[in-house]
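This report refers to the structure that appears directly beneath it.
Every number for a ligand or one of its atoms is a count from 1 in the order of the listing.
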Amino acid sequence: MTPFTSTAIKMDSKGLSILDQTQLPKLEAWLESPNVESMIQHIRELRVRGAPLIGVAASLQLGWLAEKGASEAEVEKALWALREARPTAVNLMNCLDRMLRTMKTKGVDALADEAEAICLEDVRLCERMAKNGAALIEDGDQLLTHCNTGGLATVGMGTALGAAIQAVRDGKKIHVYVDETRPLLQGGRLNTWECAKHKIPYTLICDNMAAFLMQKGKVDRVLVGADRIARNGDFANKIGTYSLAVNCKFHGLPFYVVAPRTTVDVNCAHGGDIPVEERKPEEVWKASSAHGAPVWNPAFDVTPSDLVTAWILDTGVYDRADVRAGALIG
Ligand code: MRU
């Protein structure tokens with residue numbers, strides 16, 4: 001397959017490698033993913049993470065398997081195993097369904113090219129989302145964002161953070177408040193790392209400071225990513241997103257979701273049908289020093305569409321009336 005490097009994955013003559021996101025920002029360690037089993041573990045353990053990126057990484061792993069001479073039956077078995085790696089981000093299923101369709105119509109030899117096409121497409125989707133999102137950001141804006149939504153979560157420049165990066169490139173002076181995003185700190189560890197890299201002025205806050213920050217008038221708009229958007233606009237994103245949406249409603253602030261079309265689940269009518277991943281208690285024990293305490297650890301929550309000001313996709317910006325008219329599946 002063609003060699004390439006993005007912020008979080010790379011392909012070379014030895015195969016696919018991923019930047020271990022569990023070690024950031026302390027250590028920038030690249031890990032090889034020699035086979036499908038290793039990729040499933042990387043995805044489960046969040047060494048590679050973010051909705052668009054896990055779809056691309058799984059597709060590239062399959063493309064590599066096919067290129068190494070696996071049969072159609074072997075590839076199909078691997079594909080169904082990869083599909084189960086994590087349940088909420090529909091990009092994983094959407095990308096793998098596309099790979100399956102390609103194999104059924106064009107044969108196993110077409111899979112390496114298809115995986116590369118999916119990978120390159122993500123870069124273009126990110127650019128379009130970033131432009132659409134940046135157009136809504138005003139010079140002087142103070143933004144608030146949640147989880148990590150930049151180049152570590154995609155192959156391209158990101159979703160919500162991509163819009164902020166584009167706004168800075170357009171010469172707008174902005175400031176980003178970064179939610180730390182408990183329990184795994186994708187904001188504190190990863191978004192701060194990316195903001196520093198892109199020279200975006202930022203301030204890190206604990207998740208429970210967001211409402212007070214809004215009350216103080218320090219937030220102009222909130223931008224978040226998504227792991228699965230239902231046809232009616234309800235969407236799943238990192239746990240804590242729903243609280244931000246409720247707080248935006250109370251404070252009269254715009255709340256935007258930024259995602260590529262690969263995050264829309266055309267088979268999902270509303271948020272109640274989105275499977276929400278529950279993760280192991282150890283993650284909360286570690287974050288709270290309460291080893292052994294009974295724990296509930298949903299990795300995502302579902303925000304109802306009534307709380308969303310606009311959906312910023314690569315295809316355009318849609319308000320609630322557009323979404324009611326079917327814009328997300330058009
Ligand atoms: O559990 P994670 O870190 O994979 O969750 C990621 C998110 O919730 C992101 O906000 C989401 O994937 C959209 S940004 C690309």
Of the side chain and backbone of [X], name the one, both, or neither that has a heavy atom under 4.0 Å from an atom of ligand 1.
X	value
Pro52	side chain
Arg86	side chain
Ala51	both

Below 4.0 angstrom from a heavy atom of [X], which ligand 1 atoms are there? Numbered from 1 as shown, please.
X	value
Gly50	4 (O), 12 (O)
Thr159	14 (S), 15 (C)
Thr149	10 (O), 14 (S)
Gln186	1 (O), 2 (P), 3 (O)
Ala226	11 (C), 13 (C)

Write out the residue and atom name of the closest protein heavy atom to [atom], then the distance separating them to 0.1 Å.
atom	result
atom 5 (O) of ligand 1	Lys238 CE, 3.3 Å
atom 9 (C) of ligand 1	Asn237 OD1, 3.4 Å
atom 3 (O) of ligand 1	Arg49 NE, 2.5 Å
atom 11 (C) of ligand 1	Asp227 OD1, 3.0 Å

Residues which pass side-chain contact (heavy atoms from CB on, under 4.5 Å) with Cys195, listed by chain and number, not counting sequence neighbours: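 Applying side-chain contact (heavy atoms from CB on, under 4.5 Å) to Cys195 gives Leu161, Val178, Ile200, Tyr202.
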message: Please evaluate residues Asn297 and Glu278 with respect to the criterion side-chain contact (heavy atoms from CB on, under 4.5 Å), reporting the C-alpha separation (whole Å), side-chain torsions for both, the decisive distance (0.1 Å), and the verdict.
response: CA-CA 6 Å; Asn297 185 19; Glu278 292 198 17; over 6 Å; no
Under 3.5 Å, sequence neighbours excluded: what are the donor-acceptor pairs made by side chains of residues 219-228?
| residue | atom | partner | partner atom | Å |
| --- | --- | --- | --- | --- |
| Asp220 | OD2 | Gln142 | N | 2.7 |
| Arg221 | NE | Asp141 | OD2 | 2.6 |
| Arg221 | NH1 | Tyr256 | OH | 3.4 |
| Arg221 | NH2 | Asp141 | OD2 | 3.3 |
| Arg228 | NE | Thr88 | O | 2.9 |
| Arg228 | NH1 | Asp265 | OD2 | 2.7 |
| Arg228 | NH2 | Pro87 | O | 3.0 |
| Arg228 | NH2 | Thr88 | O | 3.4 |

task: Kindly work out whether a path of hydrophobic side-chain contacts (I/L/V/M/F/W/Y, heavy atoms less than 4.5 Å apart) joins Leu31 to Met39.
output: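 Yes, same cluster.
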message: Looking at Arg169 and Glu127, is there a salt bridge between them, counting it only when a charged N and a carboxylate O are closer than 4.0 Å?
response: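 Salt bridge between Glu127 and Arg169, a charged N being under 4.0 Å from a carboxylate O: no.
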message: If you count every heavy atom of other residues, nucleotides or ligands that lies below 6.0 Å from Tyr177 atom OH, does the total exceed 12?
response: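 Enclosed.
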message: Can you confirm whether Glu84 is buried at CD, in the sense that more than 12 heavy atoms of other residues, nucleotides or ligands lie under 6.0 Å from that atom?
response: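 No, because the 6.0 Å sphere around CD of Glu84 holds 12 heavy atoms or fewer from other groups.
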Any donor-acceptor N/O pair, Asp301 side chain to Gly240 backbone, under 3.5 Å: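 Side chain of Asp301 to backbone of Gly240, a donor-acceptor pair under 3.5 Å: yes, one is there.
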